[in-house]
Amino acid sequence: MQKKIPFSTYAVIGTMLFGLYFGAGNLIFPIQLGQLAGTNFWFALVGFLVTAIGLPFLGILAIGLSGSNGLRDLASRIHPLFGVIFSLALYLTIGPFFAIPRTATVPFVVGFEPYINAEHTTMLLALFSFIFFAIVYYFSLNPAKIMDYIGKVLTPAFLVVLFILIIISIVKPMGHFQQPIGDYIQSSFMTGFKEGYNTMDALASLAFGIVVINAIKNAGITDRKEIAKATWKSGIFAMALMTLIYGLITYMGASSIESVGTFDNGGLIFAAVADHYFGSFGAILLAVIIVLACLKTSIGLITSCSEFFHEVFPKVSYKMFVLLLCVVSFSIANFGLNNIIQFAIPVLMFLYPLAIVLILLALSSSLFNNKQAVYASAMFLTFFVSLIDGYKALVISIPEAQLSWLDTIEQLYSDVLPLYDIGLGWILPAVIGVVIGLILPSKQTKTIQ
């Protein structure tokens, strides 16, 4: 009989999970949401929490409760080839193409760029990102130690510094909430809902799931039921901590306009708030917060991606993938934060519906006996909607990418699909796919004599 698991184990694993998720993007998006939502703060925050907290938690549960050995294993329930392709697309998105480079550019833009001459920006970004990824490379070489690095050292240090700023903003508030701006006036909940996509956490949950499972096993928990139990308990701990911090940061943004004004992005808002309370010391405090937040997330992403790519391409060692991912991420980081964000949004709009449907199917698989046809038909129909969602976002970022025949399809979806105009047009096709999958006969395995 396996011994009872102490709460401290759940707390450490939960803290590690929080540390993996909570990067600089998780700081800059909610504070900007607070400024824009104003008096609609609560509606926007709840929408944001659904995608920034609820979906990642379900993603972790989908891996832990389904008994899958990671994302590829789970996605292979649709088809083995889909499992490889979808996993590669997701890991490249949350890895070297977008999320990992962002972990270096965000702290530079927020913590250092406002205080240096413009002509030195390119050179200093290269220097900063080189040092950043050299540190990430060192800590990522031993994935077995990730819980110690992130759960016991980096995350507590990050939280201490962050709470200094948060507590002061509550004790000495900057002002009253202002009127909502833009889409937050009429549709604050759905705008906050879609803003949660930018954290990439629902996608990351499918990748981090196996890291959490391995951390649980390293803690001496080997029974499958106990692993599932530890997964949801650790997940609740991490998500409760994230909910608290998201709420406080959003409040900080909503109350800041009267004292610091409005800005184009959350990074500049954070810089202004830190300067408001601490002056020049605020720049140092903010730099520490952002660097710690991004460092721990980058280590988690490099570790997860390297383990996955080593599994797919076993002839290349884990350590070589760590090096390759750090080099590629360093190179893309030097294209600048704006370019990274510009190209990331269309990819996120394409991948998110697929990831959400996969998570929901995995969690409800017992209702349809894990039938492959249900997985396949639901994902197949979702794909055609998410593809146009990605295209629509791409045209907004790059108007030159517009194609008339895709515009025709987009207009058709807008006319016939409920909830399409608010970014949820994939729901009905996914449900229809489930129904079709239930009706289709199960494949019979032929016995070869």
Side-chain angles (χ1 to χ4, degrees), residues 5-27 29-30 45-46 48-66 70-71 94 99 103 143 145-163 166 196-219 221 226-250 289 292-301 303-304 355-356 359 362-363:
I5 304 164
F7 173 77
S8 59
T9 300
Y10 298 129
V12 170
I13 296 172
T15 305
M16 178 205 72
L17 182 57
F18 167 84
L20 290 172
Y21 279 126
F22 212 90
N26 304 78
L27 289 171
F29 292 124
L45 177 61
V46 171
F48 181 81
L49 291 178
V50 171
T51 46
I53 297 289
L55 289 179
F57 180 53
L58 293 179
I60 290 293
L61 289 181
I63 298 294
L65 301 182
S66 67
L71 171 61
I94 66 167
T103 62
K145 293 290 185 180
I146 190 169
M147 188 162 70
D148 289 334
Y149 293 146
I150 296 178
K152 296 180 180 179
V153 181
L154 290 179
T155 298
F158 159 70
L159 288 174
V160 167
V161 178
L162 176 62
F163 270 107
I166 288 176
Y197 284 4
N198 286 322
T199 66
M200 300 190 194
D201 283 347
L203 303 182
S205 68
L206 295 171
F208 288 155
I210 194 61
V211 177
V212 176
I213 301 302
N214 289 337
I216 291 171
K217 290 179 179 178
N218 290 335
I221 305 168
E226 289 298 322
I227 290 174
K229 182 179 178 181
T231 300
W232 71 261
K233 284 190 174 182
S234 301
I236 288 176
F237 183 92
M239 298 308 149
L241 185 57
M242 289 178 71
T243 299
L244 173 64
I245 294 178
Y246 276 143
L248 293 173
I249 292 175
T250 307
I289 291 175
L292 286 175
C294 288
L295 193 62
K296 59 185 176 50
T297 301
S298 190
I299 293 169
L301 289 171
T303 301
S304 299
I356 294 170
I359 289 170
L363 291 173

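Predicted, not measured: the structure shown is a model, and the values here were computed from it.
- Taking both residues in full, the closest heavy atoms of Ala202 and Pro56 are given as N-CG, 3.8 Å, listed atom of the first, atom of the second, then distance.
- The two residues Gly59 and Ile359 make their nearest non-hydrogen contact at CA-CD1, 3.7 Å.
- The two residues Ile94 and Leu301 make their nearest non-hydrogen contact at O-CD2, 3.3 Å.
- Here the straight-line distance linking atom OG1 of Thr303 with atom CD1 of Ile299 works out to 7.0 Å at 0.5 Å rounding.
- Looking only at distances, a side-chain donor or acceptor of Thr199 sits under 3.5 Å from a matching main-chain atom of Gly196.
- The OG atom of Ser205 lies 8.5 Å from the CG atom of Leu58; values are rounded to the nearest 0.5 Å.
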- [ ] For Leu55 and Ile356, run side-chain contact (heavy atoms from CB on, under 4.5 Å): C-alpha distance rounded to whole Å, both residues' side-chain angles, the deciding distance at 0.1 Å, then the answer.
- [x] CA-CA 7 Å; Leu55 289 179; Ile356 294 170; 3.7 Å; yes
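- Here CG of Asp201 is found 4.5 Å from CG of Asn26. Values are rounded to the nearest 0.5 Å.
- For Thr243 (side chain) and Met239 (main-chain N/O), a donor-acceptor pair under 3.5 Å exists by modelled atom type.
- Interatomic distance, OG1 of Thr250 versus CZ of Phe29, reported as 12.5 Å (0.5 Å rounding).
- To the nearest 0.5 angstrom, Ile53 atom CD1 is 5.5 Å from Tyr246 atom OH.
- Scanning all heavy atoms of the two residues, the minimum distance from Phe57 to Gly235 falls at CE1-C, 3.6 Å.
- Residues satisfying the ring-ring contact (aromatic ring centres under 6.0 Å, His included) test with Tyr197, not counting sequence neighbours, are Tyr352.
- Nearest approach of Ala52 to Met242, heavy atoms of both residues: O-CE, 4.2 Å.
- For Val46, the side-chain contact (heavy atoms from CB on, under 4.5 Å) partners at least two apart in sequence or on another chain are Phe189.
- Residues passing the side-chain contact (heavy atoms from CB on, under 4.5 Å) test with Ser234 are Tyr10, Ile13, sequence neighbours excluded.
- Looking at Phe163 and Ile245, their side chains come closer than 4.5 Å, going by heavy atoms from C-beta outward.
- The two atoms that bring Pro30 and Ile249 nearest to each other are CG-CG2, 4.0 Å, heavy atoms only.
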